[in-house]
Amino acid sequence: MLSTALKDFAEQQPYRTISDTEFRDIAASLYNDFFVWVAESVLDPVPRLWAEVTGPSALGQFDQMIDEIEALQDGPRTKEHLTYIEHKMRQAQKFWGEIVADCPVRKQVTVKNRRIFHLGRPVDSGVLTRFRAKLADVLDGADIEFVFPQNPEKVQPSRNQGKISSLFPEDEESETHKPPKSMLTESKEETVAPKTPWSEWLDQGEIEIVTDLEGFRAVVNEASKVGICGLDLETTGLDPLAAKIRLVQIGIPKYPGSKRLVDEAGKSPVPGGSAKAYVIDLFALSADERKEIVEILVALVGDPNVIKIGHNLSFDLGFIRASAGRRIPMRNLFDTMLASQLVWAGFFKMEPTTSKNSKYRFKEVYPKHRLSDCVDRHLNVKLDKTGQTSDWSAETLSHDQILYAAKDVLVLPILYEILFDLIRRNEMEEAARLEFDCLPSVVEMEITGMPLNLTATKALLDSLTRERDELEIKLIGMAESSGCEFKTIKDVRKGVPGRFNPASIPNVLEYFNHVGHSVTDTRDETLQDLARAGDEFARLLLGFREKTKRVAFLVSWLEKTGDDPNGYAHLRSSYRQLGDKGVGRFTSSDVNLQQIPRTKEYRELFEVPEGRCLVIADYSAIELRIMAWLSGDPTMVTAFQNRQDLHRLTAAAVGRKDIDQVSKDERQASKAINFGLIYGCGAQRLVDSAKYDYGVDMSLTEANRAKKAFFATYPKIEEWHQKQRSLMDSPVPHWFHHHNTGYYSVKLVSVTIPPGRKRVWPWFKGKTLARFTMLANSPDQGIGASILKRALIRVYDRLLEYGWDDVYLAANVHDEIILEGPMEKAETMKEMLEKEMVLAGAEFIDPVPVEVEGNIGTSWAEK
DNA sequence: TGGAGGTGCAA
DNA sequence: TATTGCACCTCCA
């Protein structure tokens with residue numbers, strides 16, 4: 001099991017001394033294999049629980065062995081030490097083998113809500129009772145049942161003795177279904193997906209091609225009668241403003257008497273249930289008919305009595321809205337992608353990397369949420385992905401294309417049931433509602449984008465490029481005339497071979513070391529220190545870095561918008577409502593509107609043409625207000641209610657002086673303290689942040705004192721921190737689903753973020769991967785996200801209600817919402833935006849007041 | 001060509 | 001033990 005690297009090495013040259021590199025290579029390989037083994041086998045909780053009952057000391061001994069092995073990495077760089085490490089690893093594996101062998105559980109079966117454990121030998125009843133209690137603790141909500149062997153003597157140890165079905169069944173599945181390597185390389189196609197209950201169910205699903213308007217109306221009528229349908233589009237491209245809708249697919253479930261398609265355990269189809277897919281090809285219709293189809297879809301999307309299930313609905317809704325050419329109501333949506341992201345709640349696995357650096361040996365791997373991933377995970381059905389990328393603008397579509405399109409929509413009602421069950425079991429209904437209701441705003445922001453002055457952007461790009469080039473020449477000159485011989489210059493840049501490259505970190509480090517600065521990194525703060533000490537190269541390099549970065553920004557913006565004769569365009573972005581970590585903040589990408597440099601130079605490029613305006617509103621100190629609400633600290637709550645400046649208040653408390661006596665520096669330092677507390681940071685980090693983010697020098701002693709004073713002033717915050725810290729010791733059940741096991745719950749460290757979003761952390765090497773800082777920060781950031789989402793929903797509703805078709809939701813940046821509209825409406829827009837944002841905040845953190853600052857301007861710089 | 005590593009932008 | 005996330009650049013297999 002362990003790597004053969006060491007053996008090979010020993011046989012080759014037993015007496016050769018080992019270089020550091022060789023040592024690291026061999027050790028890395030050993031450790032990699034070892035920790036993969038740890039991750040795979042030690043994670044299984046059942047033998048652990050058994051050991052806890054029958055011999056906790058053995059378990060402690062084992063954990064200690066693992067710790068020791070980890071520590072051995074820092075030992076001497078000798079062959080003997082490597083041999084010793086490997087010996088220790090074998091010992092630990094053997095030891096674990098004994099623990100596993102001692103555990104009587106031979107098989108685990110899940111039937112509905114029952115977990116049946118097949119035992120390989122008789123077990124003392126007292127021990128069994130305690131074991132049951134342990135299991136019950138972990139497998140919350142399951143009935144635990146033990147099955148004893150008929151003839152204990154004859155019971156053969158199972159082939160996988162000791163390898164009990166994992167709590168995370170998808171791991172096993174992916175192992176068993178992984179084809180041998182040769183299959184992957186030799187036969188690229190023709191790997192026939194295995195027949196499974198759900199794939200057969202799908203194959204029996206009916207598909208009807210609809211060819212006229214009346215037929216399509218009938219389909220939508222049927223959907224309204226049933227009250228639920230799957231909705232999917234195939235389009236000729238990804239951009240709703242440039243591409244066209246080709247196919248519309250609607251999937252309608254046919255329920256058996258039980259009103260369910262999936263059985264209660266979540267494992268198999270209920271007999272008698274089925275679904276029918278209707279497909280209509282818009283290219284086979286006249287322009288007028290297509291318009292009519294779009295209007296029928298608009299009515300369907302806006303019908304509050306019909307649930308529309310879709311995967312990544314913002315895509316389909318974007319096309320429907322763009323085709324309709326106006327803002328439309330969208331009600332009763334269920335997005336299976338968002339649902340999947342919600343129920344996985346930030347869960348991840350640790351997987352080994354190829355990295356030799358011990359710090360990066362494992363990386364976090366998050367579940368994917370494409371339709372094919374979800375269907376594979378929950379239904380054991382392999383969806384062909386070629387359908388998605390096939391040519392949807394061809395004159396006639398192939399039979400297969402239609403079939404794939406239909407399957408996508410047949411699968412939706414099943415996924416809906418399973419994911420909805422998970423949402424219910426995890427009590428996340430409100431959170432799901434919030435996400436689904438937010439879809440219309442997301443669609444609008446993606447279609448609208450931020451106005452950009454192209455002429456000004458090009459001008460700035462020109463001057464920045466010039467400045468960057470000048471700096472680059474100066475830096476190359478300085479480096480090459482320094483007499484330093486660069487060993488790290490390898491590649492060719494801009495067609496000039498072998499020049500010093502100021503963007504290359506190794507090059508820069510070589511230069512600095514040559515001129516006598518012993519630096520090991522080239523981070524901003526390091527360069528600033530050098531620059532302050534009078535190093536011209538460092539000063540210029542800082543400028544070069546900044547210009548390079550910003551040139552890249554501007555280039556990407558101009559590429560994205562293309563040219564426009566008016567000199568203005570809209571820079572559009574993609575939004576994700578939910579990130580991997582389960583906190584709930586929006587992310588923006590392609591281009592990222594949430595990372596525009598906060599300087600006038602760049603923000604004023606986002607300018608509106610004559611007659612239009614931007615209304616920009618942001619929440620003031622929202623995360624601190626949320627912290628006040630979370631902790632209920634009376635001093636802080638009162639301060640906000642009295643509209644006091646919290647940074648000054650903190651500064652006064654820390655400096656033991658009157659609030660009027662607080663100096664500017666002290667207020668800056670307090671900002672570092674107040675923000676630091678939101679993240680639960682330590683004193684050293686406080687010192688660094690005060691220096692680099694707020695330009696204030698603070699000693700470590702001062703930082704410690706400040707922390708103490710802070711918690712003395714706001715005692716409830718310290719209490720709340722303790723409460724969050726204690727979550728580490730009280731894991732709670734979280735429900736998952738997999739086609740193998742159906743629904744199953746795992747006890748995990750978890751936080752709940754109003755209105756019910758969850759974030760959970762997996763176990764690794766017997767410990768939770770949750771950290772105090774994350775437990776302290778997630779609810780704060782998460783509530784901020786919830787407030788913003790509620791605000792977006794409210795604003796969209798008002799825009800619809802008022803019929804303001806010339807006002808658009810343009811963007812959001814975590815605590816900021818931007819509207820674009822006609823200048824005449826500026827004041828009303830601002831009033832509406834501020835009001836809705838305040839009301840959204842109050843929904844979550846009343847009685848802590850929420851303040852919103854709105855600004856009217858012609859560019860983003862005016863705020 | 002893609003992952004890893006480093007860096008920096010925003011909230 | 002300061003959080004979240006995206007993007008660009010270089011280096012290397």
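Letters A, B, ... mirror the listed sequences (proteins, then strands); counts begin at 1.
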Fill in the blank from the handout: Nearest heavy-atom approach of A:Ile783 to A:Ile845 is CG2-CG2, 4.2 Å
Handout entry: Donor on one side chain, acceptor on other, A:Gln577 and A:Tyr575, under 3.5 Å
Key = no
Practice task
Using only side-chain N and O atoms of A:Lys363, determine if any of them is under 4.0 Å from OP1 or OP2 of B:dA4.
Solution key: yes
Practice task
Looking only at side-chain atoms of A:Asn501, point me to the closest of C:dT10, C:dC8, B:dC9.
Solution key: C:dT10
Handout entry: Protein-nucleotide distance (A:Phe544, atom CZ; C:dC8, atom P), rounded to Å
Key = 16 Å
Practice task
Output, in order, the C-alpha distance, side-chain angles, deciding distance and verdict of ring-ring contact (aromatic ring centres under 6.0 Å, His included) for A:Phe606 and A:Trp557.
Solution key: CA-CA 11 Å; A:Phe606 293 89; A:Trp557 300 349; 5.1 Å; yes
Problem - Separation of atom CD in A:Gln577 from atom P in C:dC6, rounded to whole Å - result: 14 Å
Problem - base_contact_polar (C:dT4 base, A:Gln781 side chain, donor-acceptor, <3.5 Å) - result: no
Practice task
Check every atom of B:dT7, C:dT10, C:dA2 against the side chain of A:Arg685 and return the nucleotide holding the closest atom.
Solution key: C:dA2
Problem - Atom-to-atom span, CG of A:Leu769 to C1' of C:dT1 - whole angstrom - result: 14 Å
Exercise for the section: Grab the OH-C1' distance between A:Tyr575 and B:dA10 for me, whole Å please. Expected result: 13 Å
Fill in the blank from the handout: Looking only at B:dT7, B:dC9, C:dT4, the nucleotide nearest the A:Thr522 side chain is B:dT7
Fill in the blank from the handout: note: A:Leu788, atom CG; B:dA10, atom P; distance rounded to Å ~ 19 Å
Practice task
Enumerate the residues from residues 669-679 of chain A whose closest heavy atom to DNA chain B is under 4.0 Å, giving them by residue number; use none for an empty result.
Solution key: none
Problem - Integer-rounded Å distance: C:dT3 C1' and A:Gln724 CD - result: 14 Å
Fill in the blank from the handout: A:Arg545 has its side chain closest, among B:dA11, B:dG8, C:dC11, to B:dG8
Exercise for the section: Quick one: do A:Gln724 and A:Leu630 satisfy side chain to side chain contact (heavy atoms under 4.5 Å, CB included)? Show the steps, please. Expected result: CA-CA 11 Å; A:Gln724 294 308 102; A:Leu630 280 167; over 6 Å; no
Fill in the blank from the handout: Closest of C:dT4, C:dC11, C:dT3 to the A:Thr773 side chain is C:dT3
Completion exercise
Side-chain contact check for A:Phe553: nearest option of C:dC6, B:dC9, B:dA11 is B:dC9
Exercise for the section: For A:Ser588, answer base if it contacts any base atom (sugar-phosphate contacts may also be present), sugar-phosphate if it contacts only those atoms, and nothing otherwise; contact means non-hydrogen atoms under 4.0 Å. Expected result: sugar-phosphate
Handout entry: A:Trp761/A:Met774 under side chain to side chain contact (heavy atoms under 4.5 Å, CB included): CA gap, chis, key distance, verdict
Key = CA-CA 10 Å; A:Trp761 288 266; A:Met774 301 167 180; 3.5 Å; yes
Problem - A:Glu623 CD - B:dA10 P separation (whole Å) - result: 16 Å
Handout entry: Criterion salt bridge (Lys or Arg N to Asp or Glu O under 4.0 Å) on A:Glu472 and A:Lys547, from CA distance to verdict
Key = CA-CA 10 Å; A:Glu472 186 173 23; A:Lys547 307 292 185 240; over 6 Å; no
Practice task
Measure the distance from CG on A:Leu527 to P on B:dT7 and round it to the nearest whole Å.
Solution key: 9 Å
Handout entry: Presence of A:Ser504 side-chain N/O under 4.0 Å of C:dT10 phosphate oxygens OP1/OP2
Key = no
Practice task
Return the residues of residues 686-702 of chain A meeting this criterion: a heavy atom under 4.0 Å from some atom of DNA chain C. Order them by number, or give none.
Solution key: A:Ser689, A:Asp693
Problem - Donor/acceptor link under 3.5 angstrom from A:Arg771 side chain onto base of C:dT1 - result: no
Completion exercise
Quick note, A:Arg759 side chain, CB onward, closest among C:dT4, C:dT10, B:dC9 is C:dT4
Fill in the blank from the handout: Considering only heavy side-chain atoms of A:Lys549, the closest of C:dT10, B:dG8, C:dT3 is B:dG8
Practice task
Report yes or no: is the cationic atom of A:Lys789 (NZ for Lys, CZ for Arg) under 6.0 Å from the centre of the six-membered ring of A:Phe586, at an angle within 45° of the ring normal?
Solution key: yes
